[in-house]
Amino acid sequence: MNMPVKPTGYRHLAARYSDLAAGVLAPERTPVADAWLGLSMTFVAGATNAGGLLAVGQYTSHMSGIISAAADHAVLGATDLVLAGGGALAAFLFGAATSAILVNWGRLHHAGREYALPLTLEALLLLAFGLLGSYTRHSSLALGVEVAVLCFIMGLQNATVTKLSGAKIRTTHMTGIVTDIGIELGKLVYSNHRRRGTERPLVLADREKLKLLSYFLGCFFLGGIVGALGFSYAGFIFSVPLALLVFALAGPSALRIAFR
């Protein structure tokens, strides 16, 4: 017969979870921390980006497409769409700037837990988007605000993970990751027969990096599928579990800041 878990056991598990979550966001990076951070946040970004297309009618994580579309609309004379693209770009920039402000403020006042602040804000914004979006979906003004909120979230997340990982991980768009995968694949198939026995260094792929980047790409794709299905069937409210996932990473450190 299984014995019930003692309260001390629950406290031990809670403390271990808190330490693990804090380790994922710690300024001192480890390969395991980078892996958990990248896998979690690429999944969230993929789900938010793909689901956002169904919720607000456009992708919000990559600025290349938004700027190109604004240029096309400018040529076609669609001033309102140019302004909408400019607003999305400004929101993304503001999100990235907000991340820098929160991280640097946190580094001054709560060293070691500073990255929890922007991610907690991201979780709260995702939560608000899910709870309020379904009540405002028929308003064109609200739609513009929702697009801006998602772009702000993506800028916030991209800047936070970039600073936290030392620019090794990008989570909101896959261009850099796919480029790095291609570079490593090129090294992997490169023939070294002319270099062997000479002073020239061998061209060798970083297989661990290639594996990890492939996992990130897969998580973004999986997140896209889950997000598209979730927003398609549940609507805006599906952003709530995404918010909870982000808060699962940032919450322990944020609560330590709040109750220190």
Side-chain angles (χ1 to χ4, degrees), residues 21 24-25 33-66 68-69 88-89 91-92 95-96 99 115 118-130 133 146-165 167-182 184 209-250:
V24 171
L25 300 184
D34 282 344
W36 278 112
L37 176 71
L39 293 171
S40 302
M41 300 312 294
T42 51
F43 178 87
V44 170
T48 303
N49 195 39
L53 177 65
L54 298 176
V56 299
Q58 72 176 72
Y59 294 118
T60 54
S61 71
H62 51 286
M63 292 296 103
S64 301
I66 288 176
S68 296
L89 174 62
F92 192 96
S99 171
Y115 294 102
L119 291 183
T120 300
L121 176 59
E122 176 180 346
L124 292 174
L125 288 173
L126 281 169
L127 186 63
F129 179 81
E146 289 155 5
V147 170
V149 168
L150 287 182
C151 288
F152 179 93
I153 289 171
M154 290 294 97
L156 184 76
Q157 176 177 317
N158 198 45
T160 302
V161 177
T162 297
K163 288 177 67 65
L164 177 55
S165 67
K168 291 187 293 184
I169 303 173
R170 306 277 183 167
T171 59
T172 62
H173 52 280
M174 292 293 102
T175 303
I177 285 179
V178 173
T179 300
D180 289 343
I181 289 175
E184 295 304 326
K209 179 180 179 180
L210 179 59
K211 183 191 301 184
L212 188 59
L213 292 174
S214 299
Y215 287 156
F216 291 164
L217 181 62
C219 270
F220 190 89
F221 180 73
L222 177 62
I225 292 176
V226 172
L229 289 172
F231 278 92
S232 177
Y233 287 101
F236 284 84
I237 200 68
F238 187 73
S239 65
V240 172
L242 300 179
L244 295 177
L245 176 56
V246 177
F247 192 72
L249 285 176

By side chain to side chain contact (heavy atoms under 4.5 Å, CB included), which residues pair with [X], not counting sequence neighbours?
X      : value
Ala47  : Leu242
Ile66  : Gln58, Met63, Ala88, Cys151
Ala243 : Leu126, Leu127

Is there a side-chain contact (heavy atoms from CB on, under 4.5 Å) between Thr160 and Glu122? Walk through the geometry before answering. CA-CA 10 Å; Thr160 302; Glu122 176 180 346; over 6 Å; no
Please name all residues satisfying ring pair (Phe, Tyr, Trp, His ring centres under 6.0 Å) with Tyr115, sequence neighbours left out, ordered by chain then number. none
Sequence neighbours excluded, which residues qualify as ring pair (Phe, Tyr, Trp, His ring centres under 6.0 Å) partners of Phe231?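 By the ring pair (Phe, Tyr, Trp, His ring centres under 6.0 Å) rule, Phe231 matches Phe238.
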Any pair counted as side-chain hydrogen bond (donor to acceptor under 3.5 Å, both in side chains), so long as it reaches residues 38-50, sequence neighbours left out: Asn49-Ser61
Going by the side-chain hydrogen bond (donor to acceptor under 3.5 Å, both in side chains) test, which pairs reach into residues 213-242, not counting sequence neighbours?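 Found none.
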Distance, nearest 0.5 Å, that separates [atom1] of [X] from [atom2] of [Y]:
X      : Y      : atom1 : atom2 : answer
Leu119 : Leu156 : CG    : CG    : 7.0 Å
Ile181 : Phe216 : CD1   : CZ    : 10.0 Å
Leu213 : Thr179 : CG    : OG1   : 10.5 Å
Asn158 : Phe92  : CG    : CZ    : 4.5 Å
Leu217 : Leu212 : CG    : CG    : 11.5 Å
Met41  : Leu245 : CE    : CG    : 7.5 Å

Taking only residues two or more places apart in sequence or in another chain, which ones pass side-chain hydrogen bond (donor to acceptor under 3.5 Å, both in side chains) with [X]?
X      : value
Thr162 : Arg170
Thr60  : none
Gln157 : Thr171
Asp34  : Arg29, Lys168

Looking at every non-hydrogen atom in both residues, tell me the closest pair between [X] and [Y] and how far apart they are.
X      : Y      : value
Leu39  : Cys219 : CD2-SG, 3.6 Å
Phe247 : Thr120 : CE1-CG2, 4.1 Å
Gly130 : Val240 : CA-CG2, 4.5 Å

Sequence neighbours excluded, every pair satisfying salt bridge (charged side-chain N to carboxylate O under 4.0 Å, His left out) that has a member inside residues 233-249: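 Residue pairs with at least one partner in residues 233-249: there are none.
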